[in-house]
Each structure stands twice: as C-alpha cells, then as structure tokens.
Peer 1: 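Below you'll find the structure I mean.
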2 protein chains.
Amino acid sequence: MAPKQILAPGALPGLLGYRLRLAQQAVFRDFAASVHGLSPGRVGLLILIDANPGVTQSRLAEAARRDRSTMVGVLDQLEGRGLIERRRGEDRRTNGLWLTRAGRALLARALRAIAVHERRIATRLSAAERRQLLALLGKIAA
Amino acid sequence: MAPKQILAPGALPGLLGYRLRLAQQAVFRDFAASVHGLSPGRVGLLILIDANPGVTQSRLAEAARRDRSTMVGVLDQLEGRGLIERRRGEDRRTNGLWLTRAGRALLARALRAIAVHERRIATRLSAAERRQLLALLGKIAA
DNA sequence: TATTGTTATACTCTATAACTATA
DNA sequence: TATAGTTATAGAGTATAACAATA
C-alpha cells in the first residue's frame, strides 16, 4: 500500500472567515450529544421563548433570522416533544409560545450542559483571553 | 396594527459558541455573491486542489472533513463547470484532481474577492486585533 | 389590503450502506 | 481482504410561493 498523501494547507489558514468556521465547527461538534439531542439552534429557540413568554411565531422567526414557514416544522417538533405550547393569541391570527414545565426542565439541563461545554472550550483560554475573544467577535458581528 | 414585540435576548449573548456562530454567519453572508456563485466550501476545495495537484478524491475528502461519497457530487459540479479535471491514477482505483486553466482563473478571481471581503470584515479591527483574533481562534480549533 | 400561520415543494449539504473495480 | 470511487437513499435545515383565516 502506498503511503497516504500529505496535503499542503493552501491559502486557507490565514483567512479570518475560514478560521471562524473551523472554530465554530470544533465548538459545536459534540454539542448535540451533550444536550439530549437538541441542536444549538433548538436550544437557542428555547432560550428565546423562555426570555419572551408569549412571543409569536413570526417574531420568534425574525429574532432567529429564519423564515416564518421554517419555524412551523421546528415548533411542531418542539411541541411534539412536549417542550413548548402554542396558545391562540388575542389577535387570533397569532400563536403565542410558552415553555411547558418539561421544556423549562430540559432547558435548565441544557444550560448546565452548555456551561460545561463552554468550560471545556475555554480550557485553552485564560479568563482574560476569553473576554478578549468575545470582545473581538463582538466587533465583527453586530 | 399593534407595535411589534421587542425581544429580550435571553441567555445567548455571553456564550462563546453562539458568538462564534454569529460572527461566522456575518462573515459569510455576502460571500457567495462576491465570488461568482462559489460557496466558501467550494473555494476551499479549489484552494486545496491548487496546493495539491493530483490529490485523490479520498485524500481531498479527508482534508475537507467530508465523507468521500459527499465529494463525488461536489466534484461532478466543479468538473461540469470546467473548473477541475479528473485523471485516472497510476493506481487505477484513484482519480487525481487538477485545476483546469478556467479553474485557476476563477480561483484567482475568487481569491481577490476574498481579500476584499477580508478587508471589509477587518475594517472594524486593527491589524493587531486581527492577529490577536486569529491567535485566539487557533487556540480553540486544532 | 396586509399579516399570521400553514402547506406544498424544492434546494443544499451532509451521511450511511452497498456495489464495482481494482489492489 | 481492503481501498477508491460510485450510486441509491435519507435526513437536517433552509427557502419561496400560494392559501385560508383574520385584522
């Protein structure tokens, strides 16, 4: 058997965009497994609903930068798992969204798992470096 | 019409993982439009092939962290656009990959567009901050 | 007329399993 | 037996267009 080729890295490593993607992939690689099958996006929705009880589907979609049609299936899933509840709004075109008791419990567990996860990431950073990184990322993303 | 709800941000903003994703999305938002319909992933492949002429599909897949079956369709597209060429290897199970003349030309244009893009991102960072950010990201991702 | 939630549909990117030809 | 490329298939995650109910 011939030895495996060794690849030259090319022009990628110096690019900010590329390195951001690498870091993001590394961070999220084991995320789902650690929070009971909830993807980062799903947990983000639970956090938003928790912080905004009664939020409508459209407003939630806007906050998460998704089309409102995209939210329908996602919310169907979360509702099917008993994590959220839709209640028809005063404006009867709308559904208000709330976490169920089970949803709040799972979110609490997920947040603890995320905290562990963050600590695992930040193992290679000092507290000062972590703050610095957050500040620099804040300058790039709005 | 009732005023739109204002959403509380929830627990997300302090999380490294979340901020990485935000920054990455911001960086790549207008990427595709700026490089003639090539996604970041596609350009990455062209860069790797350019730096490793004759690389096999499986080795490329490994370098890009994709399954080799995933590469087939992607390479079909790039070949269909006349950007790359497959040549049967000495080991006749393998295909070696090369950029075509058109592929090299498009890559050159893409790299110029990316440079502009990087400068646009880095507008809000000093040169020192950019170096710092790359260094910090390097500590997170392998 | 405009908005909300919904459906039908489609596209991108990804993976797994099984096939073939070669080694 | 093992590997490289391929195919069939499926699953996330996303979007656009059109529809009914409601404002």
Side-chain angles (χ1 to χ4, degrees), chain A residues 1-5 7 21 24-25 28-33 35 37-45 49 52 54-81 84-98, chain B residues 1-5 7 21 24-25 28-33 35 37-45 49 52 54-81 84-98:
Chain A
M1 187 178 61
K4 281 193 177 178
Q5 294 171 314
L7 270 68
R21 185 164 58 157
Q24 198 235 312
Q25 285 174 349
F28 284 134
R29 193 149 292 147
D30 59 351
F31 181 98
V35 287
L38 286 181
S39 66
R42 300 290 201 273
V43 174
L45 293 181
I49 295 171
N52 302 277
V55 64
T56 67
Q57 297 188 188
S58 285
R59 230 45 60 221
L60 180 64
E62 216 170 84
R65 304 209 211 181
R66 305 280 167 261
D67 191 86
R68 69 190 198 280
S69 72
T70 301
M71 293 305 302
V72 175
V74 178
L75 294 175
D76 284 350
Q77 283 188 338
L78 295 176
E79 197 179 32
R81 288 185 58 173
I84 67 164
E85 194 187 350
R86 285 168 161 119
R87 287 187 220 151
R88 187 162 215 195
E90 191 186 341
D91 174 342
R92 287 176 22 257
R93 292 171 302 185
T94 66
N95 289 333
L97 301 172
W98 278 267
Chain B
M1 187 178 60
K4 281 194 179 180
Q5 295 171 314
L7 271 68
R21 184 163 60 160
Q24 199 236 312
Q25 285 174 348
F28 285 134
R29 194 150 292 148
D30 58 350
F31 181 99
V35 286
L38 285 182
S39 67
R42 300 288 200 273
V43 175
L45 293 181
I49 294 171
N52 302 276
V55 65
T56 67
Q57 299 189 187
S58 285
R59 232 43 64 221
L60 180 65
E62 216 170 84
R65 303 208 211 183
R66 306 280 165 261
D67 190 88
R68 71 191 198 277
S69 73
T70 302
M71 293 304 302
V72 175
V74 177
L75 294 175
D76 284 350
Q77 282 188 337
L78 294 176
E79 197 178 34
R81 289 185 59 173
I84 67 164
E85 194 187 349
R86 284 169 162 119
R87 287 187 222 151
R88 189 163 213 195
E90 190 187 341
D91 174 341
R92 292 177 18 257
R93 293 171 302 185
T94 66
N95 288 334
L97 302 171
W98 279 267

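This one's a predicted model, so the numbers in the text were calculated from it and none came from an experiment. All heavy atoms count here, side chains included; hydrogens, waters and symmetry mates do not. Throughout, a chain's letter reflects where its sequence line sits, starting with A, and its residues are numbered from 1.
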Peer 1: With A:Glu85, which residues qualify under side chain to side chain contact (heavy atoms under 4.5 Å, CB included), at least two apart?
Peer 2: A:Arg87, A:Thr100
Peer 1: Could you tell me whether the phosphate oxygens of C:dT22, OP1 or OP2, come under 4.0 Å of any side-chain nitrogen or oxygen in B:Arg88?
Peer 2: yes
Peer 1: Rounded to the nearest angstrom, tell me the gap between atom CD in A:Glu62 and atom P in D:dA15.
Peer 2: 13 Å
Peer 1: Roughly, in whole Å, what's the span from CD in B:Glu90 to C1' in D:dT3?
Peer 2: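 Rounded to the whole Å, the gap is 16 Å.
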Peer 1: Under 4.0 Å between a side-chain N/O of A:Ser58 and OP1 or OP2 of C:dG5, yes or no?
Peer 2: yes
Peer 1: Mind calculating the distance between CG (B:Leu45) and P (C:dT14) to the nearest angstrom?
Peer 2: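 Taking CG of B:Leu45 and P of C:dT14, I get 9 Å after rounding.
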Peer 1: List for me each residue that meets salt bridge (Lys or Arg N to Asp or Glu O under 4.0 Å) alongside B:Asp67, sequence neighbours excluded, and say none if there are none.
Peer 2: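 Once residues adjacent in sequence are excluded, B:Asp67 has no partner under the salt bridge (Lys or Arg N to Asp or Glu O under 4.0 Å) criterion.
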Peer 1: Taking only residues two or more places apart in sequence, or in another chain, which ones meet A:Arg92 in a side chain to side chain contact (heavy atoms under 4.5 Å, CB included)?
Peer 2: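 A:Arg88.
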Peer 1: Rounded to whole Å, how long is the line connecting atom CG of A:Leu60 with atom C1' of C:dG5?
Peer 2: 13 Å
Peer 1: Salt bridge check, A:Asp76 against A:Arg86: does any charged N sit closer than 4.0 Å to a carboxylate O?
Peer 2: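 Salt bridge present between A:Arg86 and A:Asp76.
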Peer 1: Check nucleotides 6-12 of chain D against the protein and report each pair of N or O atoms closer than 3.5 Å, with its distance, or say if there are none.
Peer 2:
{"unit_1": "D:dT6", "atom_1": "OP2", "unit_2": "B:Gln57", "atom_2": "OE1", "d": "3.2"}
{"unit_1": "D:dT6", "atom_1": "OP2", "unit_2": "B:Gln57", "atom_2": "NE2", "d": "2.8"}
{"unit_1": "D:dT6", "atom_1": "OP2", "unit_2": "B:Arg86", "atom_2": "NH2", "d": "3.3"}

Peer 1: Please tell me which of the listed nucleotides, D:dA15, D:dA23, C:dA23, lies nearest to the side chain of A:Arg66?
Peer 2: D:dA15
Peer 1: What residues, two or more places apart in sequence or in another chain, satisfy side chain to side chain contact (heavy atoms under 4.5 Å, CB included) together with A:Asn52?
Peer 2: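 If we apply the side chain to side chain contact (heavy atoms under 4.5 Å, CB included) test to A:Asn52, skipping adjacent residues, the hits are A:Leu48, A:Val55, B:Leu7, B:Ala8.
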Peer 1: Quick one: is A:Arg93 getting a side-chain N or O under 4.0 Å of the D:dA21 phosphate, OP1 or OP2?
Peer 2: no
Peer 1: Applying salt bridge (Lys or Arg N to Asp or Glu O under 4.0 Å), name anything that partners B:Arg93, two or more places apart in sequence or on another chain.
Peer 2: B:Asp91
Peer 1: Take atom CZ of B:Arg92 and atom C1' of C:dT22, then tell me their distance rounded to the nearest Å.
Peer 2: 8 Å
